[in-house]
2 protein chains.
Amino acid sequence: MEAVLTVSRALVAVAARSIAAVGGDVTLPQYRALVLIAARGPQRLIDLADALGVNRSTATRMCDRLVGKGLVRRSRLPNDRRTVRISLTVDGKALVDGVTKHRRTDLARILSHMAAEQQEAVVAALTAFAIAADEKPVLGEESVLDL
Amino acid sequence: MEAVLTVSRALVAVAARSIAAVGGDVTLPQYRALVLIAARGPQRLIDLADALGVNRSTATRMCDRLVGKGLVRRSRLPNDRRTVRISLTVDGKALVDGVTKHRRTDLARILSHMAAEQQEAVVAALTAFAIAADEKPVLGEESVLDL
DNA sequence: CATCTGAATTGCAGTATGCAACATTTTGTC
DNA sequence: GACAAAATGTTGCATACTGCAATTCAGATG
């Protein structure tokens, strides 16, 4: 049981290091928002808030800051003028790509320290655990969890 | 690779649910602090700050709030009156115990959905991964990661 | 004793967060 | 079509988390 927690720490450490390495002057919550937009494409503010699990007002103000940093863009839709469309700028996309690349390199390095059979076993075991936890494995290349 | 991230989400979800279930009106950072104090015993403020990876001032003010909630206690040591000794109150201990119990039940429930061999495989795989990540498996019953 | 070092606190600034109130726009009902 | 209801954002208010810099107090060192 403790191994589960230890792995969690290792994963979080990897993620934190990747964000710090690429820097970009974004906080973790901000980065989570950027990843969600990158993964799911331009979307409404409320969808982003729901995906992040935060209040609408929190999302509004986070977008304010991200717009200020030139990482996302606000635009209105002609068919429904209530909604705001949030999308990544080129800089925002570049930041997410950079962090993702760094993180994957880190994880690959960790896995490379294990024998090939072990690597397969880890993936199999984690997948089984994830299914048991009633969480479907992520399908696409970009994960919502791309912390 | 994605399985690793999916598991991370599942683990965080379990932890968050446990905290929410027991409630106690503490934030996640506050709970992390309580767990550290519970796991390592009464300690100086600076040690707590280091363990949490935050600035001393952050720890100071977090302790202010926890004292206000009656979950921790501040006391000075007679031999070195610079330092502050932070310890859990009975209520603080009860809160940590409650969340831990809830979390363990949740994880056990998840594992119970898997075949026995699978359970062993998961533990083995996670341990191997943790070692590869250069993180020693936690020894004691209480983990620093007891998020 | 003077100075330096260590521990904690406080001031300041920026970010994150939720709730409640509000404005605007769309939808639904009569 | 008019009015009520719901959806979407934004803003005000309050609290919490965070780091950096300056300050206070206590030990350690010369």
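All figures in this text were calculated on a predicted structure; none of them were measured in a lab. So you know, we letter chains A, B, ... as the sequences are listed, proteins then strands, and number each from 1.
Taking atom CD of A/Gln30 as the reference point, atom C1' of D/dT18 lies 13 Å away to the nearest angstrom. Between A/Arg74 atom CZ and D/dT8 atom C1' the separation is 12 Å, expressed in whole Å. With rounding to whole Å, B/Leu28 atom CG is found 10 Å from D/dC17 atom P. The distance between atom CD1 of A/Ile86 and atom C1' of D/dG9, rounded to the nearest whole Å, is 10 Å. Atom CG of A/Asp25 is separated from atom P of D/dG19 by 14 Å (rounded to the nearest Å).
Side-chain contact check for B/Arg73 versus B/Leu88: every heavy-atom pair is 4.5 Å or farther apart. The closest side-chain heavy-atom distance from A/Lys69 to A/Asp25 is below 4.5 Å.
Between A/Arg32 atom CZ and A/Ile37 atom CD1 the span is 12.0 Å, to the nearest 0.5 Å.
Nucleic acid contact for A/Thr83: sugar-phosphate only, since backbone atoms but no base atoms lie under 4.0 Å from a heavy atom of the residue. Residue-level contact check: A/Gly68 touches neither bases nor backbone, having no heavy atom under 4.0 Å from any strand. Backbone-only engagement by B/Arg44 is indicated by non-hydrogen atom pairs under 4.0 Å involving sugar-phosphate atoms exclusively. Among the protein residues, A/Thr27 comes within range of the sugar-phosphate backbone only, with heavy atoms under 4.0 Å from sugar or phosphate atoms but none that close to a base.
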When the side chains of residues 61-68 of chain A are checked against the rest of the protein, which donor-acceptor pairs come out under 3.5 Å, sequence neighbours left out?
| unit_1 | atom_1 | unit_2 | atom_2 | d |
| --- | --- | --- | --- | --- |
| A/Asp64 | OD1 | A/Arg74 | NH1 | 3.1 |
| A/Asp64 | OD1 | A/Arg74 | NH2 | 2.7 |

Could you pull out every donor-acceptor pair under 3.5 Å between side chains of residues 51-58 of chain B and any protein atom, sequence neighbours left out?
| unit_1 | atom_1 | unit_2 | atom_2 | d |
| --- | --- | --- | --- | --- |
| B/Asn55 | OD1 | B/Ser57 | N | 2.9 |
| B/Asn55 | OD1 | B/Ser57 | OG | 3.1 |

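Of all nucleotides in DNA chain C having an atom under 4.0 Å from a heavy atom of chain B, the first and last in 5' to 3' order are C/dG6 to C/dC12.
Under the salt bridge (Lys or Arg N to Asp or Glu O under 4.0 Å) criterion, the residue pairs touching residues 81-96 of chain B are B/Asp80-B/Arg82, B/Lys93-B/Asp97, with sequence neighbours excluded.
In this structure, A/Arg76 does not reach the D/dT8 phosphate: none of its side-chain N or O atoms is under 4.0 Å from OP1 or OP2.
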Is there a side chain to side chain contact (heavy atoms under 4.5 Å, CB included) between B/Leu45 and B/Thr83? Walk through the geometry before answering.
CA-CA 7 Å; B/Leu45 189 133; B/Thr83 68; over 6 Å; no

What are the atom names and distances for every N/O pair under 3.5 Å that joins the protein to nucleotides 21-30 of chain D?
| unit_1 | atom_1 | unit_2 | atom_2 | d |
| --- | --- | --- | --- | --- |
| D/dG27 | OP1 | B/Arg81 | N | 3.0 |

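Using a distance-only test at 3.5 Å, with no hydrogens or angles considered, no donor-acceptor pair links the side chain of A/Gln30 to the main chain of A/Leu28.
Considering only residues two or more places apart in sequence or on other chains, A/Asp50 meets the side-chain contact (heavy atoms from CB on, under 4.5 Å) condition with A/Ile46.
DNA chain D is contacted by both B/Arg56 and A/Arg85; A/Arg85 maps to the nucleotide lying nearer its 5′ end (nearest heavy atom per residue).
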